[in-house]
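A short write-up of the structure that comes next.
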Amino acid sequence: MASVNPTIHLSGLARRLIRDGHLDEEGALRAQTKAAKQQITLTRYLVEQHLVGAREIAVSASREFGIPLFDISALNLDDLPTKLVAENLITKHHVLPLFKRGKRLFLAVSDPTTHQAVDEIKFHTGLSIELILVEENKLAATIEQALKEREQDITDLLDDDLNELDLDDNAANAELDDSNAEIDEAPVVRFVNKVLLDAINQGVSDIHFEPYEKTYRIRFRHDGVLQEASSPPHGLADRLSARLKVMARLNIAERRVPQDGRIKLQISKHHSVDFRVNTCPTLHGEKIVLRILDAAGAKLGIEALGFDEKQQKDFMEALHKPYGMILVTGPTGSGKTVTLYTGLNLLNSPEINISTAEDPVEIQVPGINQVNVNPKTGVSFPAALRAFLRQDPDIIMVGEIRDLETAEIAVKAAQTGHLVLSTLHTNDAPQTLTRLANMGIPSYNIASSVNLILAQRLARKLCEHCKTEHELPHDVLLEEGFTEEEIAGGLTIYGPVGCDQCAKGYKGRVGIFQVVPISEEMGRLIMEGSNAMELAEQCAREGYNDLRRSGLDKVKQGITSLEEINRVTKD
């Protein structure tokens with residue numbers, strides 16, 4: 001018996017056929033090489049060349065891979081879900097869908113080593129694939145008969161939900177030159193639409209399209225945590241990015257510099273969703289991130305944000321003051337924009353003139369005058385604020401105070417009869433006050449203009465269907481910040497489990513807040529130039545919870561877990 005060429009590896013199926021006595025090593029190597037050249041499976045080559053019987057191969061494959069052997073001739077062709085998979089994929093990979101159960105598609109194969117087939121069909125259908133082994137001759141005959149009976153209309157592959165999807169940006173009808181014609185190839189268009197719709201239906205906040213050297217990955221940020229949603233074939237990377245850029249009206253020929261755009265989808269007659277699009281060139285192509293800007297998220301009502309009773313009362317009182325400044329602080333993605341727009345929606349009425357300057361406008365609200373900041377055209381935050389002050393405003397919202405000039409104009413507006421809302425990137429309320437001082441705002445202006453500071457984080461909520469009690473030692477509970485009285489009073493801690501109703505034990509998010517109205521004593525400390533630690537001590541004396549304490553209260557109420565609070569409020 002000839003030895004096998006060490007530079008070529010025999011497949012598991014080939015080695016099994018050798019062990020079962022159906023082939024020798026030389027014959028197996030020759031068959032595998034010729035099958036690869038013809039771009040067909042080893043099983044198909046062996047049967048077509050009458051080297052091994054279909055039944056013998058199927059039995060050996062079943063033993064080798066632990067996949068059940070099924071008699072496909074017993075099935076009724078009318079019941080096969082062949083329209084779930086494109087005809088070219090069925091013929092290319094020599095497979096056939098047998099039936100669908102939930103999110104699983106059972107696929108008939110004669111060679112279980114067809115990994116490329118599984119990957120491509122999983123990508124095109126969005127379903128997980130389960131393999132069922134059948135004899136090659138029976139599979140070939142069934143495929144031929146099934147394809148004769150199916151209609152070859154590509155629109156049959158569309159999901160019912162996708163038929164309702166309307167591209168409001170007219171990108172679907174954009175006229176492209178011949179070099180870009182492949183961008184509108186139906187499978188790519190359909191797949192991108194499906195990704196966007198799935199993200200909306202799942203309540204996702206961001207979609208990441210990420211090319212790598214040999215792979216391509218799509219991830220969803222769900223409840224603040226990134227999770228892989230799909231891995232389309234790497235060869236589609238350029239077409240996917242080009243399709244997204246066409247939809248966002250970006251320059252598809254420019255791949256060397258970042259670009260910003262916007263996509264608007266009309267989901268139903270009364271509901272549209274905007275996507276903020278950003279492209280960034282990487283080593284292996286353009287990474288594209290879509291931020292979902294659903295205006296419905298800012299209309300949930302103040303009760304849905306997660307304030308406790310006292311925090312909500314303090315926030316509402318500050319909103320209804322005729323002048324002064326409300327500052328919302330926290331890292332990117334902590335929900336500051338939703339909090340601000342929840343407040344603006346409460347104030348939005350025909351009697352009040354509200355103007356906002358943002359970079360960019362994330363949530364479009366009728367009745368509010370919204371300006372996109374664009375320094376390249378001269379529309380900076382200071383320029384927009386100066387324009388607002390000449391247009392008889394009642395309420396001004398500044399997307400972010402980034403520099404001294406913006407801060408000075410905002411403070412001046414708050415001191416001259418306007419309610420000003422804005423954000424800063426600081427960790428908590430006391431640090432916000434010292435940050436303004438470090439920018440160069442005089443202490444007396446800070447004390448006289450700021451009415452309330454609201455620091456926030458977003459924590460994932462425990463799933464009500466599967467959360468379970470967690471036992472923790474007394475010392476651990478004390479170390480985490482609970483008091484002896486709370487522990488003695490029968491403290492119950494819940495943790496995540498995971499079920500078909502949630503994502504790893506969590507579903508939805510809730511705000512964790514530190515709400516600090518600026519009292520007379522707090523104002524005095526600001527005037528004296530107190531540091532953040534001294535201001536924090538004064539907050540505690542006045543009974544205002546810090547973020548950690550607010551988070552522990554949510555744990556006590558069974559809303560979230562201790563692990564989640566440690567994740568979002570750790571130092």
Side-chain angles (χ1 to χ4, degrees), residues 302 305-331 334-336 339-340 343 395-398 400-402 404 406-457 481 511-553 569 571:
I302 194 168
L305 293 179
F307 290 118
D308 64 31
E309 187 176 344
K310 185 175 186 303
Q311 290 172 341
Q312 182 172 322
K313 178 175 176 291
D314 290 335
F315 184 48
M316 292 294 290
E317 286 180 356
L319 280 175
H320 287 93
K321 287 184 177 181
Y323 57 88
M325 186 181 292
I326 297 174
L327 296 174
V328 181
T329 182
S334 60
K336 299 188 297 295
T339 299
L340 284 173
I395 299 170
I396 296 172
M397 195 268 271
V398 187
E400 183 183 350
I401 294 178
R402 298 175 178 173
L404 176 59
T406 306
E408 286 177 335
I409 300 172
V411 166
K412 180 181 177 182
Q415 291 175 328
T416 55
H418 308 93
L419 181 63
V420 179
L421 290 79
S422 189
T423 71
L424 276 89
H425 284 274
T426 57
N427 289 325
D428 58 19
Q431 289 184 34
T432 302
L433 295 167
T434 57
R435 172 71 182 280
L436 288 173
N438 291 337
M439 278 185 175
I441 302 297
S443 298
Y444 58 84
N445 278 343
I446 298 173
S448 63
S449 62
V450 179
N451 289 343
L452 178 135
I453 301 176
L454 188 156
Q456 73 177 83
R457 302 289 188 274
I512 307 296
F513 298 97
Q514 179 187 28
V515 180
V516 180
I518 304 303
S519 63
E520 289 186 11
E521 181 61 24
M522 189 75 73
R524 184 184 64 79
L525 289 175
I526 295 170
M527 296 276 286
E528 293 174 357
S530 299
N531 59 36
M533 186 175 296
E534 293 167 333
L535 293 171
E537 290 172 353
Q538 180 61 29
C539 289
R541 283 193 292 270
E542 294 184 15
Y544 300 119
N545 289 339
D546 60 14
L547 287 166
R548 178 70 181 179
R549 184 66 250 179
S550 294
L552 293 178
D553 286 345
T569 65
D571 296 331

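We count residues from 1, following the sequence as given. No hydrogens, no waters, no symmetry mates; every other heavy atom, side chains included, goes into these values.
Between Lys336 and Gly330 the shortest heavy-atom distance is NZ-O, 3.0 Å. In this structure, Gly440 and Leu404 approach most closely via the heavy-atom pair C-CD1, 3.9 Å. Considering every non-hydrogen atom in both Asn427 and Leu547, the closest pair reads O-CD1, 3.5 Å. Of all heavy-atom pairs spanning Gly481 and Arg549, the tightest one is O-NH1, 3.4 Å. The heavy-atom pair separating Thr329 from Leu424 by the smallest distance is OG1-O, 3.0 Å. Ala532 and Gln431 make their closest contact through CB-CG, 4.1 Å (heavy atoms, listed as atom of the first residue, atom of the second, distance).
Remark: Asp314 pairs with Lys310 by the salt bridge (charged side-chain N to carboxylate O under 4.0 Å, His left out) rule, at least two apart or across chains. For Asn445, the side-chain contact (heavy atoms from CB on, under 4.5 Å) partners are Val411, Gln415, Ile441, Pro442, Ser448, not counting sequence neighbours. Among residues two or more places apart in sequence or in another chain, the salt bridge (charged side-chain N to carboxylate O under 4.0 Å, His left out) test is passed with Lys313 by Glu317. Here Glu528 pairs with Arg524 under the salt bridge (charged side-chain N to carboxylate O under 4.0 Å, His left out) rule; sequence neighbours left out. Scored by the side-chain contact (heavy atoms from CB on, under 4.5 Å) test, Gln312 finds Ile302, Glu303, Phe307, Met316 as partners (sequence neighbours excluded). Residues satisfying the side-chain contact (heavy atoms from CB on, under 4.5 Å) criterion with Ala318, sequence neighbours excluded, are Ile326, Leu452.
Atoms CG and CD1, from Asn451 and Ile518 in turn, are 8.5 Å apart once rounded to the nearest 0.5 Å. Ile512 CD1 to Asp546 CG: the interatomic distance, rounded to the nearest 0.5 Å, is 11.5 Å. Here the straight-line distance linking atom OG1 of Thr569 with atom CZ of Arg548 works out to 4.5 Å at 0.5 Å rounding. A distance of 8.0 Å separates CE of Met397 from OG of Ser422, quoted to the nearest 0.5 Å. Glu408 CD to Leu436 CG: the interatomic distance, rounded to the nearest 0.5 Å, is 11.5 Å. The distance from atom OG1 of Thr423 to atom CZ of Arg402, rounded to the nearest 0.5 Å, is 8.5 Å.
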Applying side-chain hydrogen bond (donor to acceptor under 3.5 Å, both in side chains), run through Ser550 and Gln311 and close with a yes or a no. CA-CA 10 Å; Ser550 294; Gln311 290 172 341; 3.3 Å; yes
For Glu542 and Gln538, run side-chain hydrogen bond (donor to acceptor under 3.5 Å, both in side chains): C-alpha distance rounded to whole Å, both residues' side-chain angles, the deciding distance at 0.1 Å, then the answer. CA-CA 6 Å; Glu542 294 184 15; Gln538 180 61 29; 2.6 Å; yes
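Inter-residue side-chain proximity for Leu327 and Ile401 is flagged as met; some heavy-atom pair is nearer than 4.5 Å. Counting heavy atoms from C-beta on, the side chains of Pro430 and Glu537 never come closer than 4.5 Å. Between Pro331 and Arg457, some side-chain heavy-atom pair lies under the 4.5 Å cut-off.
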